[in-house]
2 protein chains.
Amino acid sequence: MLRADGIHRVAVEDPGSLGARQHLRHCGLDTPPVPVDTDGVRVDELRATGAPAVLLTPAHQFPTGVVLGGERRRELMRWARAGGLIIEDDYDAEHRYDRPPVPALRSMLPEHVCYAGSVSKLLAPALRVGWMLAPPAYRDALVAAKRFTDLGNAALPQLVLAHLMESGELERHLRQVRRRHRRRRDAMIRAIRAHLPGAVAHGAAAGLHLTVTFDGDFADAGLARAALAQGVKTQPLSWHSQRPGRPGLVLGYAASTPTDIAEGIALIGEALRRLGP
Amino acid sequence: MLRADGIHRVAVEDPGSLGARQHLRHCGLDTPPVPVDTDGVRVDELRATGAPAVLLTPAHQFPTGVVLGGERRRELMRWARAGGLIIEDDYDAEHRYDRPPVPALRSMLPEHVCYAGSVSKLLAPALRVGWMLAPPAYRDALVAAKRFTDLGNAALPQLVLAHLMESGELERHLRQVRRRHRRRRDAMIRAIRAHLPGAVAHGAAAGLHLTVTFDGDFADAGLARAALAQGVKTQPLSWHSQRPGRPGLVLGYAASTPTDIAEGIALIGEALRRLGP
């Protein structure tokens with residue numbers, strides 16, 4: 001659909017989701033990398049790529065966890081108003097612990113932002129329920145693309161979701177998992193301090209994962225492999241980077257108890273010492 | 001996926017499903033038409049197209065309702081063994097009234113047949129549950145294509161289906177709807193005799209629809225439009241034909257009571273007389 005609109009390059013955050021990048025490339029699109037700093041995506045670097053579109057995770061950047069800053073948002077809006085298309089993945093916007101949620105970019109510039117969200121992180125990826133708010137110009141092409149992809153989503157999960165929303169159960173569920181996630185996040189931060197001295201944890205304010213980076217210069221994929229051999233599943237940060245960067249790991253905490261988290265981080269610490277970077 | 005395998009043309013039955021043809025074309029594939037007679041697809045004509053693949057509905061050809069005959073099956077197997085790929089849409093195979101089911105082509109030649117089925121007609125299209133048995137050579141590409149399409153199906157409808165199968169409810173449901181469909185089919189045949197003199201009904205032995213053809217030379221799309229204006233939804237046969245043919249209508253009976261069916265056919269008869277073909 002983007003290619004039919006003359007768009008052959010979609011800039012992506014770097015680091016940024018490997019899965020999203022693979023998806024864009026599968027669709028025949030180039031994915032020039034744009035660096036991310038503590039305020040989010042670098043709009044000057046986005047401009048420098050010359051790409052007509054960008055895929056962003058402004059609410060909780062994956063994998064660094066930073067939130068797109070106010071001045072950066074305004075700069076991005078200027079870029080979009082001049083003709084750029086923003087694809088806003090509002091991923092993890094509802095999992096927020098220490099500060100109020102930020103508004104979606106979509107609310108500021110609906111004509112230039114294609115907004116996408118899902119209940120994958122809130123309820124279950126297996127529901128396969130998400131939504132997209134697209135600029136009006138893309139509506140017909142999107143409806144046709146959806147038809148040719150799958151003739152529409154299964155009705156049953158949507159009915160279940162509607163029931164959970166109408167009954168207030170979804171709000172109750174979110175409050176409950178937010179408390180649980182915060183405990184698990186705190187356990188992970190404590191374990192990182194105890195077992196991974198020198199590691200820096202990023203993105204603790206929201207989301208369901210932390211990213212840790214390490215000093216030194218070693219292959220984080222080797223560390224992830226060693227941890228997996230001990231039964232601890234992580235993702236090497238390098239998977240999500242197109243340009244060279246610090247070694248690191250992406251560590252999910254949503255699905256493990258505080259005890260398991262502490263044990264897992266301790267095992268990563270042992271693997272790290274054995275690797276001796 | 002087919003194009004990656006050097007397949008750019010998929011022959012289709014003519015008449016044959018408009019939706020399936022649109023889908024293939026959306027994927028950039030040509031769809032040379034192959035005539036269908038009372039024994040099903042004409043394999044000599046398939047050979048003449050030179051297409052390396054064919055999409056078939058052997059159990060209950062859409063929309064004519066014929067079943068692929070024994071000699072025709074053997075001829076088709078020879079074509080496939082010489083390198084042809086058969087995509088078998090086992091559509092409506094379970095809705096069978098007056099004779100035993102026929103075996104799937106897949107059972108005869110698994111290396112050359114890509115078999116597809118779903119519960120759309122048996123339970124509900126809104127479940128979006130189907131299956132495919134592909135030749136081993138296509139397995140990895142199919143898994144990747146599925147991943148890049150939707151990351152996998154919703155789990156909830158699959159769990160519901162598994163429960164219905166394990167508990168025997170699915171079998172009971174099929175027996176129940178088979179009796180109901182047969183009554184509705186019989187009501188439709190009676191109404192066609194009464195209200196559409198001269199029309200020929202095809203495909204009564206199985207499925208959830210009849211196709212009627214008319215003598216004369218008129219635009220069946222106009223008849224379908226006139227019927228729709230009276231609240232009777234049908235599909236003109238010409239939608240499903242690439243080559244010129246007799247005018248006709250595709251008439252579904254699964255979702256209407258015998259009374260509604262009789263009234264609907266009567267309204268079509270009036271529309272036909274007003275058109276005066």
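What you are looking at is a predicted structure, and each value in this text was computed from that prediction instead of being measured. Chain letters run A, B, ... following the sequence lines, proteins first, then strands; residues in each count from 1.
Here the OG1-CG distance, from B:Thr149 to A:Asp150, works out to 8.5 Å after rounding to the nearest 0.5 Å. The line from CG of A:Leu156 to CG of B:Leu161 is 11.0 Å long, rounded to the nearest 0.5 Å. One distance of note links CG of B:Leu24 with CZ of A:Phe148; it measures 10.0 Å at 0.5 Å rounding.
Closest heavy-atom contact between A:Arg128 and B:Asn153: CG-C, 3.6 Å. Across every non-hydrogen atom of A:Ala154 and B:Leu127, the tightest pair is CB-O, 3.6 Å.
Few gaps surround CZ on B:Arg243; more than 12 heavy atoms of other groups in view lie less than 6.0 Å from it. Surrounding NE2 of A:His173 are more than 12 heavy atoms belonging to other residues, nucleotides or ligands, all under 6.0 Å away. By the neighbour-count criterion of 12 heavy atoms within 6.0 Å, atom NZ of B:Lys146 is densely surrounded, having more than that number from other residues, nucleotides or ligands. For A:Arg25, the CZ atom is densely surrounded, since the number of other residues' heavy atoms within 6.0 Å is greater than 12. More than 12 heavy atoms of other residues, nucleotides or ligands sit less than 6.0 Å from atom CE of A:Met1. Open room surrounds CD on A:Glu171; 12 or fewer heavy atoms of other groups in view lie less than 6.0 Å from it. Within a 6.0 Å radius of CZ in B:Arg139, no more than 12 heavy atoms belonging to other residues, nucleotides or ligands are found.
A:Arg147 is not listed as a side-chain neighbour of B:His23, based on a closest heavy-atom distance of 4.5 Å or more.
There is no contact between A:Gln158 and chain B, counting heavy-atom distances below 4.5 Å. With a 4.5 Å cut-off on non-hydrogen atoms, A:Val160 touches chain B through its side chain but not through its backbone. Heavy-atom distances place the side chain of A:His26, and not its backbone, under 4.5 Å from chain B.
Most heavy-atom pairs under 4.5 Å with chain A, from the set B:Pro125, B:Ala124, B:Pro157: that is B:Pro157.
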